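Reading through the structure tokens given below for one structure.
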Amino acid sequence: MSFANREGVIWYDGQLVPWREAQTHVLTHTLHYGMGVFEGVRAYNTQQGSCIFRLQEHTERLYRSAHILGMNIPFKPEQLIEAQKQVVQENGLTEAYLRPMCFYGSEGMGLRAENLKVHCIVAAWEWPSYMSPEALEKGIRIRTSSYTRHHVNITLCKAKANGNYMNSMLALKEALDSGCEEALLLDNEGYVAEGSGENIFIVKEDGVIYTPELTSCLEGITRDTIIRFARDIGLEVREKRLTRDEVYIAREAFFTGTAAEVMPIREHDGRIIGSGKRGPVTEQLQTMYFNQVRGKGESIPEWLTPVT
Ligand code: PPE
């Protein structure tokens with residue numbers, strides 16, 4: 001079913017509009033040049049009803065992304081927080097993926113366009129697992145991408161910017177075409193960066209967990225969550241440059257991301273990682289993650305915002 005042809009409402013510049021009417025003109029500036037910012041956020045069903053996971057942090061990252069690109073969001077963060085709660089509630093969703101996005105309008109064309117208006121939308125829909133449900137247990141197969149991840153001085157990749165995702169889509173398509181489920185992009189110096197839409201972690205033989213430094217990847221909120229949980233249970237986490245062969249010989253490897261959640265990696269470039277299935281550290285962190293987002297066990301309550 002087309003994403004444009006659905007029941008429900010979308011928050012568009014301060015109003016809840018019927019889903020099918022949430023339209024914009026073909027000369028929308030961002031459609032042409034990719035200058036826009038967005039977020040991917042999830043709401044989960046918990047004992048206290050539907051809750052949005054780390055809503056505050058996702059909203060703060062959206063504003064940081066806009067600031068990096070020099071875009072002024074014409075709404076206060078509290079308004080966008082409210083908008084995100086509203087779209088889950090008004091669409092009658094309990095578990096949902098939320099997509100806030102800020103883009104330039106059609107007030108001008110060309111790279112020199114001035115006085116472009118910044119528009120904001122927030123949509124929400126049901127979006128179960130990114131990959132097959134079995135993948136959460138069995139793990140996925142990935143390949144190193146022939147595409148380099150953006151250099152930090154090309155598109156400013158600390159911003160979660162629309163245009164950055166051309167690179168992700170090229171890498172992902174290549175990986176899917178070759179029979180894998182996801183790509184691993186290297187940075188311009190050849191060090192491990194991230195997946196097309198995920199951060200990567202490995203567990204080495206000594207039991208220490210490694211993940212690339214933030215210079216080589218998006219400042220993932222799931223990444224931050226997992227680092228915190230690992231340290232809480234006494235595991236050591238080091239952020240450092242990693243090479244692709246360190247991934248080959250890792251005992252365990254997994255991806256993290258809002259859409260992908262905590263996804264074990266069982267094979268990389270045709271090499272089996274560790275035991276070839278979800279490892280015990282991955283499993284433990286994955287369980288902690290799902291308990292957290294669904295408000296079970298010893299979760300951090302401040303990270304869950306009820307939508308009502
Ligand atoms: N790296 C990239 C490049 C990325 O896009 C994401 C999120 C992450 C890391 C993980 O960040 P976080 O979600 O804060 O843990 N990718 C979003 C978009 C995926 C999509 O298919 O669209 C997401 O997971 O929502």
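Both counts, for ligands and for their atoms, begin at 1 and track the order of listing. Because the structure is a prediction, the values reported are computed rather than measured. Count residues from 1 along the sequence.
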Handout entry: Arg141 and Glu182 ion-paired at < 4.0 Å
Key = no
Please table the atom pairs, donor to acceptor, closer than 3.5 Å between any side-chain atom in residues 301-308 and protein atoms at least two apart or in another chain.
none

Exercise for the section: State, with a plain yes or no, whether a side-chain heavy atom of Asn5 is found less than 4.5 Å away from one of Trp19. Expected result: no
Handout entry: Within the protein, residues bringing a heavy atom under 4.0 Å of ligand 1, chain by chain
Key = Gly40, Arg61, Tyr97, Arg99, Tyr130, Lys160, Tyr165, Glu194, Ser196, Gly197, Glu198, Asn199, Leu218, Gly220, Ile221, Thr222, Thr256, Gly257, Thr258, Ala259
Problem - Tyr248 and His268: CA distance, side-chain angles, deciding distance, ring pair (Phe, Tyr, Trp, His ring centres under 6.0 Å) verdict - result: CA-CA 6 Å; Tyr248 293 166; His268 178 204; 4.9 Å; yes
Exercise for the section: With the side chain counted from C-beta on, respond yes when Glu246 and Val192 share a heavy-atom pair under 4.5 Å apart, and no when they do not. Expected result: no
Handout entry: Under-4.0 Å salt bridge between Glu261 and Arg42
Key = yes
